[in-house]
Amino acid sequence: MSQREQLIRGLYRTMFESGDVTLADRVVTPGFVDHAAPPVPVPAGPDQLRAVVSYLHSVLADIRYEIDDVLHDGDRVAYRAAMSATQIGELFGFPSSGRSFRMQQIHIVRFDGDLIAEHWACRDDLGALRQLGHIA
């Protein structure tokens with residue numbers, strides 16, 4: 001497993017699953033941009049990553065990620081993941097349902113040296129909203 005893959009797997013385990021945002025300064029560049037971030041009014045950089053993780057933990061509980069298929073090409077790493085969680089707060093404008101969901105995702109990150117500089121994602125938000133009972 002490459003050092004970059006280890007960093008990504010550790011990032012999800014340590015930050016996204018637990019909500020511990022203390023690692024942000026050590027995993028992303030000062031100008032880090034999350035092109036797929038929820039609407040949080042925070043400038044680029046480690047604070048943006050902290051805000052995303054904090055937001056997710058304010059609306060979701062029991063967050064778990066399974067990371068599959070990690071692909072490397074130059075300064076980019078792409079990976080397929082499945083996220084599961086329980087909705088406990090307003091998500092995409094819908095009130096808490098208390099229900100759980102499982103969402104497929106594809107992520108791409110660009111590294112600058114050993115740090116993540118950019119992130120893009122394609123998530124099945126529509127499928128999650130269906131599982132939560134918000135749409136038919």
Do the side chains of Val109 and Ile8 get nearer than 4.5 Å, heavy atoms only?
-> yes
To the nearest 0.5 Å, atom CG of Asp69 lies from atom CD1 of Ile67 at 11.5 Å
Correct closest heavy-atom pair for Ser2 and Glu5 would be OG-N, 3.0 Å
Inset, instruction - Could you walk me through whether Leu132 and Phe94 pass side-chain contact (heavy atoms from CB on, under 4.5 Å), step by step? - result: CA-CA 10 Å; Leu132 293 169; Phe94 292 97; over 6 Å; no
For this session: Indicate, with yes or no, if Met103 and Ile106 share a hydrophobic cluster defined by side-chain heavy-atom contacts under 4.5 Å among Ile, Leu, Val, Met, Phe, Trp and Tyr.
Result: no
* Asked: Should Met15 and Val21 count as side-chain neighbours, where that means a heavy-atom distance under 4.5 Å?
  -> yes
Query raised in the report: Are any non-hydrogen side-chain atoms of Gln87 and Ser97 less than 4.5 angstrom apart?
Result: yes
Is there a side-chain contact between Ile116 and Leu7 in this structure, where contact means two heavy atoms from C-beta onward sitting under 4.5 Å apart? yes
Charged tip of Arg76 within 45° of Phe111 ring normal and under 6.0 Å: no
Side chains of Leu49 and Phe16: does their closest heavy-atom pair fall under 4.5 Å?
yes
Check: Just by distance, do the side chain of Ser54 and the backbone of Ala51 share a donor-acceptor pair under 3.5 Å?
Finding: no
To the nearest 0.5 Å, atom OG1 of Thr86 lies from atom CZ of Arg64 at 10.0 Å
Note, Leu91 side chain near Leu60 side chain (heavy atom, < 4.5 Å): yes
Between the CG atom in Leu115 and the CG atom in Asp112, the distance rounded to the nearest 0.5 Å is 7.0 Å
Could you state whether Phe92 and Met83 fall into the same hydrophobic cluster, counting links through intermediate Ile, Leu, Val, Met, Phe, Trp or Tyr residues with side-chain heavy atoms under 4.5 angstrom apart?
yes
In short, ring-ring contact (aromatic ring centres under 6.0 Å, His included) pairs touching residues 66-91 with sequence neighbours left out are Tyr12-Tyr79, Tyr79-His107
Please report, to 0.1 Å, the donor-acceptor pairs under 3.5 Å made by any side chain of residues 23-37, with sequence neighbours excluded.
from, atom 1, to, atom 2, distance (Å)
Asp25, OD2, Arg50, NH1, 3.2
Thr29, OG1, Phe32, N, 3.1
Asp34, OD1, Ala36, N, 2.9
Asp34, OD1, Ala37, N, 3.2
Asp34, OD1, His119, ND1, 2.7
His35, NE2, Glu118, OE1, 2.6

Nearest heavy-atom contact between Ala78 and Ile108 is CB-CG1, 4.0 Å
Checklist entry - Ignoring hydrogens and geometry, is there a side-chain-to-backbone donor-acceptor pair from His57 to Ile63 under 3.5 Å? => result no
Are there over 12 heavy-atom neighbours, none belonging to Asp114, within less than 6.0 Å of that residue's CG? no
task: Check whether any side-chain heavy atom of Phe101 sits under 4.5 Å from a side-chain heavy atom of Leu129, and report yes or no.
output: no
* To do: Could you give me the CA-CA distance, side-chain angles and deciding distance for Asp20 and Ser18, then say whether side chain to side chain donor-acceptor pair (under 3.5 Å) is met?
  => CA-CA 5 Å; Asp20 179 1; Ser18 76; 5.0 Å; no
Rounded to the nearest 0.5 Å, the CG atom of Asp68 sits from the CZ atom of Arg80 at a distance of 4.5 Å
- Message: If the threshold is 4.0 Å, N to carboxylate O, is there a salt bridge linking Glu66 and Arg102?
- Response: yes
Distance col, row Ser100:OG vs Gln131:CD, nearest 0.5 angstrom, shows 9.5 Å
From the list Arg13, Arg9, Gln105, side-chain contact (heavy atoms from CB on, under 4.5 Å) partner of Tyr65 resolves to Gln105
